[in-house]
Amino acid sequence: MSNFKKLAGQTAVYGLSSILGRSINFLMIIVYTAYLSKEALGSFTSIYALIGFMNIVFTYGMETTFFRYSTGKNLDPKQVYNSTQSLLVISTLILGSGLYLLAPVLAEWLEYPGQYYLFRWTAMILSFDAVLAIPFAKLRLENKALIFAGSKIFNILLNIFFNLLLIIGFPYLISLGVIPEGFLGYRMDWGVEYILLSNLFANGLIIPFVWWKAGLFQFQLEKDIIKPMWKYSIPLLFMGLAGVTNELFSRFLFEYVLPPNFYAGLTAREAGGVFGANFKLAILMNLVIQAFKYAAEPFFFKQASDKNSPLLYAKVMHAFILFCTVLMVAISVNLNWIGDLFLRRPGYEEGLFIVPTLLMGYLLLGVYFNLSIWFKVTDQTKYSFWITLAGAVLTIVIIYVFVPIWGYMGGALSTISCYLLMCVLCYWYGQKHYPIPYKTAKGLFYLFFAFIISYLGFYLNVGNPVLNFLLKNSITLFYLLLLTIWEKEFIKAYLPERKAL
């Protein structure tokens, strides 16, 4: 099997688990929109944006650094693992404790008076995530995809179980008189609190299993290993911070930037809930990006020493664009019924029109991930800082300028603008320092063409639901047929060979 096919196979394994697990998790949007208020969903949106941002701080680029130093530096992988995990445990204790103690101040600052416990639980969730990061990375490096996938799915199932128990189960049992009000301190007026507690319980329960399967580490801080790793990882920290500034801060800042009464009948926090719920629909693209990243990152590093690796990277990029543009079109043309299925209460559908833009934003994030390999394999991660800083600055500017004018679309534009700028800068510098023969013109054409027909399909409406469905999906089939014709030789090269009779 060629290296390209090997990557495709690994992506499929990670993709199956990622899509299965996150699809189950994704279904929770039905529960949240049906049983929680828009204000609670707004709190969920902003707090989880903060968690996503702080996750980068807690792990500070050490996953990618672990891959680099375990594969390309002639070091003992076990020593690298021990040192990396030991360093993360120490830093997690410091950061987690600091955030826990500052919770009351943070609650007041973010306008959650008297709810400081939310941010103490947040500190614990972040700490659990951080001490799991390197063990999960080690499973990926060792190609233990099934253990990795099984652990992730089990974690999600636990999370779903606790969500359903706390949000639906307990209230139902109380209404039947099976358990009394206040059972185990249960409060009927809580909403986002139970989402956080479910996450906390689920993460805490899988730590022993993941640590066992990855191999228990010995506390060890090798200066000769830690010092160069630290130098390599710090630019990745800033890269990660700038990257999530766009993806998460648009949701975090939305309620604070949106003018009062911008949307009739909605507070700014409730409008943030609508924005966050529609952002969730774009996760369908992010599932693919995440699955690809799980497989591609260790794969790229292992192939870095091969003289033909630039050509392989170019082929991977082209296949990635072909697949993801088809996915973007397919989701966009079906958003009307997808929205009806997942957004259970009236009012959420008002934000559906931003989803194709968000899908393109996630797709560009995947393109950037492909492009960024050049500074990772050449140890020039300093470029990541400046590239992602530019993206972060653009994100914040667009949020503050356009959200007060265009509302939901202003937030969505920050996503697509940031990742487009990062792609342009990364490509420009990459071709100077580590040339890769990308099919740039074709890739740009497919991205632009797919984006246009995504919106055409989204707005197509002939008044008949059945005819709408058929016409909208014929657009996806039309695009797929065009790609099959235009990319016949490329696709044929990677199809399984037929055995002679």
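Since we're looking at a predicted model, the values are computed, not measured. FYI, side chains are in, hydrogens and waters are out, and symmetry mates aren't considered; it's all heavy atoms of this structure.
- For the side-chain contact (heavy atoms from CB on, under 4.5 Å) with Leu352, the lone residue among Ile338, Leu281, Val274 that qualifies is Leu281.
- Residues forming a ring-ring contact (aromatic ring centres under 6.0 Å, His included) with Phe201 (at least two apart in sequence, or on another chain): Phe162.
- A distance of 8.5 Å separates CG of Leu164 from OG of Ser198, quoted to the nearest 0.5 Å.
- Applying the ring pair (Phe, Tyr, Trp, His ring centres under 6.0 Å) test to every pair with at least one member in residues 82-114, sequence neighbours left out, gives these pairs: Tyr112-Phe119.
- Applying the ring-ring contact (aromatic ring centres under 6.0 Å, His included) rule to Phe58 yields no partners; only residues at least two apart in sequence or on another chain are considered.
- Among pairs with a residue in residues 266-277, those fulfilling salt bridge (charged side-chain N to carboxylate O under 4.0 Å, His left out) read Glu255-Arg269, at least two apart in sequence or across chains.
- Expressed to the nearest 0.5 Å, how far CG of Leu413 lies from CD1 of Ile354 amounts to 9.5 Å.
- With hydrogens and angles ignored, the 3.5 Å screen pairs no side-chain donor or acceptor of Ser97 with any backbone N or O of Ile94.
- Between Phe275 and Phe254, the two ring planes are parallel [angle under 30°; tilted spans 30° to 60°].
- Ring pair Tyr81/Phe217 is perpendicular by interplanar angle, where above 60° counts as perpendicular and below 30° as parallel.
- Atoms CG and OG1, from Leu99 and Thr92 in turn, are 12.0 Å apart once rounded to the nearest 0.5 Å.
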Exercise for review: Please report the C-alpha distance between Trp190 and Phe170 in whole Å, then the side-chain angles of each, then the deciding distance to 0.1 Å, and finally whether the ring-ring contact (aromatic ring centres under 6.0 Å, His included) criterion is met.
Suggested key: CA-CA 12 Å; Trp190 276 6; Phe170 272 18; over 10 Å; no
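- With rounding to the nearest 0.5 Å, the separation of OH in Tyr35 from CG in Leu166 is 14.0 Å.
- The structure places CD of Glu39 at 11.5 Å from CG of Leu266, a figure rounded to the nearest 0.5 Å.
- Looking at Asn159, its side chain never comes within 3.5 Å of a backbone N or O of Asn155 through a donor-acceptor pair.
- Aromatic ring orientation, Phe136 versus Phe148: perpendicular (interplanar angle above 60°, classes split at 30° and 60°).
- Of the options Tyr263, Phe262, Phe402, a ring-ring contact (aromatic ring centres under 6.0 Å, His included) to Tyr408 is made by Tyr263 and by none of the others.
- Within the structure, the salt bridge (charged side-chain N to carboxylate O under 4.0 Å, His left out) test picks out the following pairs touching residues 123-139 (sequence neighbours left out): Lys138-Glu142.
- In this structure, the side chain to side chain donor-acceptor pair (under 3.5 Å) partners of Ser91, at least two apart in sequence or on a different chain, are Tyr60.
- Ring geometry, Tyr455 versus Tyr459: the interplanar angle falls under 30°, so the pair is classed parallel (tilted spans 30 to 60°).
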